[in-house]
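See below for the structure under consideration.
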Amino acid sequence: MLVDAGRDQRMRDLEQERGVSAEQDERLGVDAAGDRVGGKEPPPLAFRPKGHTIRSLEDSLGFWEGTLDVFIGSLGTVLQWPAAGLLVLGVGLGFVVGILPGLGGAVTLALLLPFIYGMDPIPAFAFLLGMHAVVSTTGDITSVLFGIPGEATTVATILDGHPMAQHGEAGRALGAVLASSMLGAVVGAAFLAISVPIVRPLVLAFGPPEFLMLTVVGLSFIVALSGRYLVKGGVMALLGYALSLVGVDPFSGTPRMSFGLLYLWDGLSIIPVVLGLFAIPEVLHLMSTKGSIAERSAPAKLGGVMQGVTDTFRYWWLTVRCSLIGVAIGIIPGMGGATAQFLAYAHAQQTSKHPEEFGKGSIEGVLAAGSVNNSKEGGTLIPTVAFGVPGSTSTAILLGAFLILGLVPGPEMLTRRLDVTFSLVWIIVIANMIAVAVSFLLLRQLVAITFVRGGLIVPALLLLITIGAFTTTNDPLDIGVMLVFGVVGWSALRWGWPRAPLLLAFVLGAISERYLFISTQLYGLLWLLRPGVIVLGLVAILGVVFAIRRRSATGAGAW
Amino acid sequence: MVIWRRYGGVVVAVGALAIFLYLFADTQSWSTRARLFAQVIVGPAVLLAAVQVVREGGRARAAVLMPGPPDAAVTGAAAAWMAAFFGAVLVVGMIVTIPVFTVTYLRVEAKLSWLAAVVYAAVAVAFVWFVFGSLLHIPFPKGVIGFSPPGLS
């Protein structure tokens with residue numbers, strides 16, 4: 001009896017610890033410790049092949065029912081103390097970090113990592129992921145209002161969001177970007193919830209050649225991003241590729257274009273590059289004009305916010321498509337949000353009935369950029385949770401959190417710790433709901449900043465971008481790099497050279513080179529004949545042809 | 001300024017071409033592995049940049065002027081302020097530059113009162129000290145001859 005009572009108590013403890021009941025375990029096919037029940041096959045994690053029996057169908061139904069129970073149960077756990085409190089704290093930190101230019105979510109994640117020692121997994125992720133999930137949302141606010149990216153992943157929001165603010169439509173732009181961010185976060189989280197078992201075989205079927213071709217598909221969007229001048233866009237893209245070569249080659253150890261500077265051996269960091277290309281010209285413009293960011297006078301009443309929200313639902317299919325692009329790019333290890341934003345933006349431009357409005361204050365451009373940078377969070381978590389392969393720098397740090405908390409990414413996260421996996425989904429959704437709600441409450445005050453005289457906010461902006469650049473590697477040369485790219489950005493703006501292709505190619509360059517090397521090492525030139533490579537190559541060619549035909553049809557510009 | 005508006009595009013295109021030519025020359029000293037990717041991009045890069053140089057040259061010969069900044073003197077002054085800020089950061093350090101630059105800029109350019117400018121600068125320093133120094137422990141550029149107070153180093 002004592003032994004039985006002790007065992008029962010231990011089972012109850014385990015259930016409480018994991019937030020999963022014995023009944024749920026039975027449906028999932030694991031015991032309280034998370035191991036398979038003796039001899040019983042685990043329930044299907046993906047679709048069964050044809051010819052399954054009625055018994056297996058019942059198993060499947062039981063599995064999905066049990067999964068649903070865990071899904072709902074994990075919501076309760078996230079909303080309980082201390083997880084809920086830590087989630088609010090994390091969201092508050094993320095709100096500030098997102099608004100401050102240069103201070104990225106990845107850096108803050110690294111700084112907060114030591115705080116989770118001793119925490120339970122779900123409260124720990126509520127804190128970390130709660131912070132990380134909202135930085136892009138609030139980073140969009142800085143991008144729209146000041147034309148300065150709050151995050152490296154919110155640069156595309158500037159392209160149309162800031163012109164809208166300059167035309168006195170900051171309220172509409174913010175309403176659109178916040179609503180689309182929310183929708184994007186929900187799409188990304190939903191995809192994370194349903195796709196982990198499904199996407200696993202798909203991702204595993206991809207090898208280095210296919211990943212390389214995905215970067216080529218990404219490059220085909222440069223035609224759209226080049227705006228009026230295709231040749232200039234091509235030159236800027238190749239310049240971005242050339243800049244991605246700077247630093248010591250990781251495979252041979254050869255220093256490349258480092259000019260004898262040890263600082264450049266690690267290559268150029270994206271933060272000083274982004275701040276230089278986009279923030280410096282904007283601050284210089286603000287200092288020159290001496291007016292406010294918004295070129296019109298302040299309206300008596302903040303208008304357009306609801307119009308922006310309505311726009312999100314009016315263009316709901318575009319928002320969903322761009323969200324799915326974010327998820328797809330997020331799944332691919334190493335591609336990251338800096339790439340996804342431009343691909344979604346270019347996709348929106350390519351499919352728009354008014355591509356000529358892009359770059360001048362197109363609401364579709366704002367929606368594309370807003371939705372993609374939140375949906376990618378769900379996408380990047382898929383390979384992290386399912387395979388232990390981080391999809392981005394931030395998820396690499398989150399992977400460290402998994403290990404600190406004693407969790408092993410992989411099949412365990414789909415069985416024993418399914419509750420933790422689902423809690424990640426809820427954290428992304430709830431964190432964004434809080435951030436968007438708070439943003440809407442503060443919107444009037446935020447928009448009012450765009451009507452303040454530029455001279456009053458210049459010192460604050462200079463301070464923030466300097467800190468943002470310097471925190472990259474804590475080297476004064478970070479500021480030097482930012483200034484060099486400031487000159488490049490200003491010159492590009494002045495003489496009509498598009499900046500987005502340079503940034504996209506700069507981000508894709510290192511990834512492309514890595515996969516090109518691995519592909520040629522593994523297969524020689526035979527990798528070019530792989531079916532996946534051929535299909536993706538055709539997709540890239542069709543993308544370019546489609547974009548060029550659209551340019552010709554709409555008279556979008558010269559070559 | 002008219003010269004810049006006429007030939008600025010040529011200068012930018014020639015600059016891009018020069019970078020690609022330097023890349024081509026530099027790759028010759030790299031190992032085979034290190035120059036694999038560079039070799040893929042350098043050919044099209046030189047070709048496209050050369051095409052753009054020719055196009056910009058044609059535009060300059062036809063005396064097509066790019067739109068100029070609203071007022072070159074104002075833009076120059078703004079660039080000088082910015083250069084002064086970053087120069088001061090690199091020489092005397094961040095924590096000295098913030099109050100000095102903020103007060104000076106707000107007084108001279110924004111025509112703010114002494115009191116308001118000093119309060120603005122004090123809030124900026126306090127914000128930096130608290131958020132970046134105390135909360136996140138992020139170091140600041142000390143500058144060549146500058147210093148960083150305890151808590152911000």
Side-chain angles (χ1 to χ4, degrees), chain A residues 96 100 103 107-108 111 229 231-232 234-236 238-239 241-245 249 251-254 256-257 280 283-290 453-456 458-460 462-463 466-467 470-471 474 476 478-480 482-483 486 490-492 494-497 509 512-513 516-517 520 559, chain B residues 8-9 12-13 15-16 19-20 22-23 26-27 29-38 40-42 44-45 48-49 51-52 55 66 69-71 74-75 77-79 81-82 85-86 89-90 94 98 101-102 105-106 109-112 120-121 124 128 131-132 136-141 143:
Chain A
V96 176
L100 297 179
L103 186 58
V107 174
T108 319
L111 290 167
Y229 300 107
V231 176
K232 285 182 177 175
V235 173
M236 289 298 264
L238 289 161
L239 190 60
Y241 262 148
L243 292 169
S244 73
L245 291 168
D249 174 47
F251 298 98
S252 66
T254 308
R256 301 183 298 189
M257 295 202 293
I280 293 286
V283 175
L284 196 62
H285 174 73
L286 201 59
M287 293 167 92
S288 306
T289 56
K290 299 193 174 183
R453 270 191 300 141
L456 296 178
V458 161
L462 283 175
L463 166 69
T466 308
I467 294 173
F470 184 73
T471 50
N474 301 334
D478 289 329
I479 298 172
M482 179 179 71
L483 291 176
W490 185 82
S491 305
R494 171 88 175 70
W495 282 286
W497 292 67
S512 306
E513 185 182 21
L516 176 66
F517 175 71
T520 47
W559 286 85
Chain B
V12 175
I19 292 172
F20 294 137
Y22 173 78
L23 173 65
D26 204 28
T27 53
S29 61
W30 300 355
S31 66
T32 309
R33 152 69 196 104
R35 67 165 175 253
L36 173 68
F37 187 67
V40 174
I41 64 163
V42 78
L48 273 185
V51 167
Q52 193 57 31
R55 287 161 51 104
M66 293 297 285
D71 186 338
V74 175
T75 306
W81 274 109
M82 197 177 265
F85 175 82
F86 288 112
V89 166
L90 294 173
M94 186 87 180
I98 295 172
F101 178 85
T102 304
Y105 187 84
L106 291 177
E109 286 290 320
K111 311 290 183 205
L112 216 57
Y120 189 126
V128 166
V131 175
F132 295 99
L136 299 174
H137 301 288
I138 290 173
F140 289 90

| query | Can you check side chain to side chain contact (heavy atoms under 4.5 Å, CB included) on Arg33(B) and Thr254(A), steps first, answer last? | reply | CA-CA 9 Å; Arg33(B) 152 69 196 104; Thr254(A) 308; over 6 Å; no
| said: Quick check on the interface: out of Asp478(A), Leu238(A), Asn474(A), Leu239(A), who has the most heavy-atom pairs with chain B under 4.5 Å? | reply: Leu238(A)
| task | Mind ranking Phe86(B), Tyr22(B), Trp81(B) by heavy-atom pairs under 4.5 Å with chain A and telling me who comes out on top? | result | Phe86(B)
| query | Is Ile280(A) close to Met82(B) at the side-chain level, that is, under 4.5 Å between some pair of heavy atoms? | reply | yes
| query | Would you say the side chain of Phe20(B) lies within less than 4.5 Å of the side chain of Leu48(B), judging by non-hydrogen atoms? | reply | no
| query | Between Thr27(B), Ile98(B), Val42(B), Asp26(B), which residue shows the highest count of heavy-atom pairs closer than 4.5 Å to chain A? | reply | Asp26(B)
| Counting heavy-atom pairs under 4.5 Å to chain A, which of Leu36(B), Ile19(B), Val12(B) comes out on top? | Val12(B)
| request: Apply side chain to side chain contact (heavy atoms under 4.5 Å, CB included) to Val235(A) and Trp497(A), showing your working. | output: CA-CA 9 Å; Val235(A) 173; Trp497(A) 292 67; 3.7 Å; yes
| said: When you compare the side chain of Asp249(A) with that of Phe517(A), does any pair of heavy atoms fall below 4.5 Å? | reply: no
| request: Under 4.5 Å heavy-atom distance to chain A, tell me which part of Ala16(B) shows up: side chain, backbone, both or neither. | output: side chain
| request: Could I get the full list of ring pair (Phe, Tyr, Trp, His ring centres under 6.0 Å) partners for Phe470(A), not counting sequence neighbours? | output: none
| Using non-hydrogen atoms only, which part of Thr520(A) is less than 4.5 Å away from chain B: side chain, backbone, both, or neither? | side chain
| said: Checking Thr75(B) against Trp490(A) for the side chain to side chain contact (heavy atoms under 4.5 Å, CB included) test, could you report, in this order, the C-alpha distance in whole Å, the side-chain angles of both residues, the deciding distance, and whether it holds? | reply: CA-CA 11 Å; Thr75(B) 306; Trp490(A) 185 82; 4.2 Å; yes
| Contact origin within Met482(A) toward chain B - heavy atom pairs under 4.5 Å | side chain
| query | Is it the backbone or the side chain of Leu483(A) that comes under 4.5 Å from a heavy atom of chain B, or both, or neither? | reply | side chain
| Residue Leu284(A) versus chain B: region with a heavy atom under 4.5 Å | both
| note | Whatever's closer than 4.5 Å to a heavy atom in chain A on Ile41(B) counts as both
| message | Taking side chain as everything from C-beta outward and backbone as N, CA, C, O, which of these in Leu245(A) sits under 4.5 Å from a heavy atom of chain B? Side chain, backbone, both or neither. | response | side chain
| With sequence neighbours left out, what residues match Phe37(B) under ring pair (Phe, Tyr, Trp, His ring centres under 6.0 Å)? | Tyr241(A)
| task | Between chain A and each of Ala13(B), Gly15(B), Ser29(B), count heavy-atom pairs under 4.5 Å; write down the option with the most. | result | Ala13(B)
